[in-house]
Amino acid sequence: MALISEELNKAFNAQIKEELDSGYLYLGMSIWLKEHNFENLANWYWIQAKEEFEHAEKFWKYIIETGGTVELLELKKPKSDWKSVEEILKAGLAHEQYITNKITELWKLAEKLKELQPRSLLQWFINEQIEEEANATALIEIHVAYKNDMLFDRHVHREDD
Ligand code: FEO
């Protein structure tokens, strides 16, 4: 018998899609930024996109380890008609807040189902979302301080973990 319940399995499959959608969204942002010569910011979002694929991996690995069934759902076409760097930065934060809510819902669902096994996995994501929102907020604040998109881009620096 699987250690993961059908209900949580279904919710985790939905979260795999959310994480992949996140990666796709950030990839689109990265491409727009690259096309507009914001090299460092493009790199920042590209690294973010890859991180989201790693987040998806944590969920599908957990489902397999607990004897569940991974189902890959259809991805959402990401927004691509960005108007400005500011719009991208704000959309990035709003998206992370949306994901934080999704993770909180998963925690509540596991509690309701009295499934203790995914606690450490979900706790990792709760901590990760604090970092994700803090990073997105910091980008917005630094952008405001620079008052200039190109100067801001020169300041942005991020390397693969
Ligand atoms: Fe996987 Fe950026 O949250």
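As the structure is a prediction and not an experimental result, all values here were calculated from the model. The first residue in the sequence is number 1, and the count goes up from there. Every number for a ligand or one of its atoms is a count from 1 in the order of the listing.
Here the straight-line distance linking atom NZ of Lys58 with atom CD1 of Ile63 works out to 14.0 Å at 0.5 Å rounding.
The pair Glu54-Lys50 fails the salt-bridge criterion, with no side-chain N (NZ, NE, NH1 or NH2) lying under 4.0 Å from an Asp/Glu carboxylate O.
Looking at His55, its N, O or S atom nearest to atom 1 (Fe) of ligand 1 turns out to be ND1.
Here the angle at atom 2 (Fe) of ligand 1 defined by OE2 in Glu52 and OE2 in Glu96 stands at 100°, rounded to 10 degrees.
Few gaps surround CD on Glu111; more than 12 heavy atoms of other groups in view lie less than 6.0 Å from it.
Among the backbone and side-chain atoms of Glu19, none of the N, O or S atoms lies under 2.8 Å from atom 2 (Fe) of ligand 1. Metal site remark for atom 2 (Fe) of ligand 1: Glu132 contributes an N, O or S atom at a distance under 2.8 Å.
Remark: side-chain polar atoms of Asn40 are not paired, donor with acceptor, to backbone N or O of His157 under 3.5 angstrom.
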